[in-house]
Amino acid sequence: MVDRGLEPDFPPAASAQAAAASEHPALGDGVKDMRDLLWCSIDNDDSRDLDQLTAADELPGGDVRVLVAVADVDGVALKDSPIDAHARLNTTSVYTPAQIFPMLPERLSTDLTSLVASEDRAAMVVEMRTGADGIVRESTIFRAVVRNRAKLAYNSVAAWLEGRAPAPEPLAAVPGLDACLRLQDRIATAMRSERQVRGALTLASTETHAVFDGDTLTRMEPDEKNRAKSLIEDFMIAANGTAAAFLATRGFSSMRRVLRAPRRWDRLIALARELGVSLPPMPDAPALDHFLRARREADPDGFPDLSLSVVKMLGSGEYALVRAGGAVDGHFGLAVRDYAHSTAPNRRFPDLITQRLLKAAIAGQPSPYPDDELELLARHCTAQEDAADKVERQVRKSAAALLLSGRTGDRFDGVVTGVSDKGTYVRVFQPPVEGRVVRGEAGLDVGERVRVTLLATDVDRGFIDFARA
């Protein structure tokens, strides 16, 4: 982390500020009391930094009110304070198999600014009125006090929604929450379908997490999507779009999350052609998604690896300044025009910036960030996100190398995930880890299936060396 310009430890002044911090859920002018709603959180089983809650209710005429409450982090992590200075430097939490390095001190991120169960918490609430088709017809954002009725986990909620398991105990204990969650699931599905019509890409995750038995690494498991994860993802995309549009309509510049048209569309055309499909000569999101959905149906086992190849060729998202009234670069992969990260302020600094902009807009105050500062911050957040990704990838590589230690000479099936001047890389299927092809790599390209032999591992450097079999 230090080598890449990230600060692993909190400065003494930030730690002292965290120790002295206190709660701030008091009601006041412009702060609504919304503690009576059936709010719940859905996150990973072990998550303690709960950034958002969701709720929904039916309206007369068949419309649905969808609400997303986002933790009011700015109320404790004040702008230009020692905590803010550390968050501004790192811009993100860093998640590695060995340890988590939070952007904010844990007294905030897992307590005072976390939407923990059965506690009153200050929040920014995004309220959206949608039809049965999932299209947001009206929206607004305001400050509120909320109360989490149930801390839920992705896997158990997904199993319940899909009819594979009974309702998890925290859900069953809250009267009416089951119906509320089924309503949320229905609207989230409609939102997803509506975005897919516009070209939102259907992709499978290829991320993995390390599983330990005590201090011993035992395996790497894929982080697979499920129905509960999709529900939250769809609501967060809608809330982030609402945040960007809210600022634009009030004449505020903002920091947007953008993904421009693919840099390697020519290779995507070639990849599709190898599978018997013709893509248009110019980037076309609906056509690409149609191809992806067809491949998911035809080859579900190979779809995660195809997804990884497509992600590599799409390129990376970035943060960019959009000046008030200025042109907007949208997000190609999500098929949305207005998109500002706003729903995870405990772990991403751009979301905390957006929260401060929203507060100023609501209060009728000037922007706390001049355009020139926002532009510099957008570049800095993009660079630090890249640095954090490299740290996380490096430690995951060390974990993978450790897992393969002692298997020299074994053969593995995999898919080529990267080809550049730095080398040719392949992701093997079992265990799901990535390494470099150092022998016989000539002629390989992204997306190709290949069989490789393990030559060597170096745990300290995270090296896994393969030869083309």
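Checked for salt-bridge contact, Lys79 and Asp84 miss the test: no charged N lies under 4.0 Å from a carboxylate O. Using a 4.0 Å cut-off between charged side-chain N and carboxylate O, Asp120 and Arg35 make a salt bridge. Salt-bridge formation is detected for the pair Arg227/Asp185: a Lys NZ or Arg NE/NH1/NH2 atom is positioned less than 4.0 Å from an Asp or Glu carboxylate oxygen. Look at Glu318 and Arg256 and you find no salt bridge, because none of the NZ, NE, NH1 or NH2 atoms lies under 4.0 Å from a carboxylate O. Between Glu194 and Arg198 there is a salt bridge, since at least one side-chain N of the basic residue sits less than 4.0 Å from a carboxylate O of the acidic one. Between Glu127 and Arg65 a salt bridge is recorded (basic side-chain N to carboxylate O distance below 4.0 Å). A salt bridge does not link Asp36 to Arg147: none of the charged side-chain nitrogens sits closer than 4.0 Å to a carboxylate oxygen.
Contact detail for Val76 and Ala21: the closest heavy-atom pair is CG1-CB, 3.8 Å. Nearest heavy atoms, Pro8 versus Met1: CA-CE, 3.8 Å. Across Thr91 and Glu385, no two heavy atoms sit closer than the pair OG1-N, 4.2 Å. The nearest pair of heavy atoms linking Gly333 to Leu259 is N-CD2, 3.8 Å. What you find for Leu78 and Gln17 is that their closest heavy atoms are N-NE2, 4.3 Å. Of all non-hydrogen atoms in Ser109 and Leu104, the two that sit nearest each other are OG-O, 3.6 Å.
With rounding to the nearest 0.5 angstrom, the CE atom of Met103 is 7.0 Å from the CZ atom of Phe349. Interatomic distance, CD of Glu274 versus CD1 of Ile269, reported as 12.5 Å (0.5 Å rounding). Of the inter-residue distances, the one linking Asp51 atom CG with Ser342 atom OG reads 10.5 Å to the nearest 0.5 angstrom. Interatomic distance, Leu50 CG to Asn346 CG, rounded to the nearest 0.5 Å: 8.5 Å. Atom CG of Leu6 and atom NZ of Lys390 lie 11.0 Å apart (nearest 0.5 Å). The CD atom of Glu224 lies 9.5 Å from the CG atom of Asn155; values are rounded to the nearest 0.5 Å.
You'll find the side chain of Val336 reaches within 4.5 Å of the side chain of Ile237, heavy atoms only. In this structure the side chain of Pro97 reaches within 4.5 angstrom of the side chain of Arg396, judged on heavy atoms. No side-chain heavy atom of Val125 sits less than 4.5 Å from a side-chain heavy atom of Val70. When side chains are defined from C-beta on, Leu53 does not count as touching Val68, because their heavy atoms never get closer than 4.5 Å. In this structure, the side chains of Thr189 and Ile187 stay at 4.5 Å or more apart for every pair of heavy atoms. Counting only heavy atoms from C-beta outward, the side chains of Phe429 and Val415 approach each other to under 4.5 Å. Using a 4.5 Å cut-off on side-chain heavy atoms (C-beta onward), Arg295 and Leu275 make contact. Using a 4.5 Å heavy-atom cutoff, the side chains of Val94 and Glu392 are in contact.
Ring geometry for Phe332 against Trp265 counts as perpendicular: the plane angle is over 60°, on a 0 to 90° scale with 30° as the lower cut.
The closest donor-acceptor contact from the side chain of Ser367 to the backbone of Pro370 lies at 3.5 Å or more, if one exists at all. Looking at Arg121, its side chain never comes within 3.5 Å of a backbone N or O of Val116 through a donor-acceptor pair. Here the side chain of Arg427 pairs no donor or acceptor atom with the backbone of Val433 at under 3.5 angstrom. No donor-acceptor pair under 3.5 Å is formed between the side chain of His331 and the backbone N or O of Gly317. Of the possible donor and acceptor atoms, one in the side chain of Gln355 sits under 3.5 Å from a partner among the backbone N and O of Val73. Using modelled atom types, one side-chain atom of Asp351 and one backbone atom of Thr343 make a donor-acceptor pair closer than 3.5 Å. When atom types are taken as modelled, the side chain of Thr354 and the backbone of Pro350 share a donor-acceptor pair closer than 3.5 angstrom. In terms of modelled atom types and a separation under 3.5 Å, the side chain of Asp289 and the main chain of Gly199 share no donor-acceptor contact. Side-chain N or O atoms of Asp72 include none that pairs as donor or acceptor with a backbone N or O of Met124 at under 3.5 Å. In this structure a side-chain-to-backbone donor-acceptor pair under 3.5 Å is missing from Ser93 to Pro102.
Residues satisfying the side chain to side chain donor-acceptor pair (under 3.5 Å) criterion with Asp284, sequence neighbours excluded, are absent altogether. Taking Arg195 as the reference, Asp234 meet the side chain to side chain donor-acceptor pair (under 3.5 Å) condition, with sequence neighbours excluded. By the ring-ring contact (aromatic ring centres under 6.0 Å, His included) test, Phe252 pairs with no residue at all, sequence neighbours left out.
Relative to the ring axis of Phe291, Arg293 does not place its NZ or CZ within 45° and under 6.0 Å from the centre. A cation-pi arrangement is present between Arg182 and Trp160 under the rule of less than 6.0 angstrom and at most 45 degrees off the ring axis. Cation-pi contact between Arg257 and Tyr319: present, with separation from the ring centre below 6.0 Å and deviation from the ring axis of at most 45°.
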Discussion item. Show, in sequence, the C-alpha distance, side-chain angles and deciding distance for Thr208 and Glu221, and conclude whether the side chain to side chain donor-acceptor pair (under 3.5 Å) test is met.
Written reply: CA-CA 5 Å; Thr208 60; Glu221 289 187 345; over 6 Å; no
Practice prompt. Please report the C-alpha distance between Asp111 and Arg48 in whole Å, then the side-chain angles of each, then the deciding distance to 0.1 Å, and finally whether the salt bridge (Lys or Arg N to Asp or Glu O under 4.0 Å) criterion is met.
Written response: CA-CA 8 Å; Asp111 184 8; Arg48 298 167 58 209; over 6 Å; no
Item to complete: Before giving the answer on side chain to side chain contact (heavy atoms under 4.5 Å, CB included), spell out for Asp386 and Ser316 the whole-Å C-alpha distance, their side-chain angles and the decisive distance to 0.1 Å.
Response: CA-CA 9 Å; Asp386 181 61; Ser316 301; 5.9 Å; no
Practice prompt. For side chain to side chain contact (heavy atoms under 4.5 Å, CB included), just list the numbers for Asp74 and Thr113, CA-CA rounded to whole Å, side-chain angles, deciding distance to a tenth of an Å, and then say yes or no.
Written response: CA-CA 9 Å; Asp74 172 66; Thr113 60; over 6 Å; no
Fill in: Glu106 vs Arg347, salt bridge (Lys or Arg N to Asp or Glu O under 4.0 Å): CA-CA, chis, key distance, verdict
CA-CA 11 Å; Glu106 289 192 0; Arg347 60 183 181 86; over 6 Å; no
Worksheet item: Run the side chain to side chain donor-acceptor pair (under 3.5 Å) check on Thr110 and Asp49 step by step: do they pass?
Response: CA-CA 5 Å; Thr110 65; Asp49 53 342; over 6 Å; no
Worksheet item: Should Val310 and Ser307 be marked as a side chain to side chain contact (heavy atoms under 4.5 Å, CB included) after you check the CA-CA gap, both sets of side-chain angles, and the distance that decides it?
Response: CA-CA 5 Å; Val310 171; Ser307 294; 5.7 Å; no
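Side-chain N/O atoms of Thr417 and Glu434 include a donor and acceptor closer than 3.5 Å. Asp371 and Ser253 share a donor-acceptor pair across their side chains, judged by distance under 3.5 Å alone.
Within a 6.0 Å sphere centred on NE2 of His290, heavy atoms belonging to other residues, nucleotides or ligands number 12 at most. The local environment of CZ in Arg250 is crowded, with over 12 non-hydrogen atoms from other residues, nucleotides or ligands closer than 6.0 Å.
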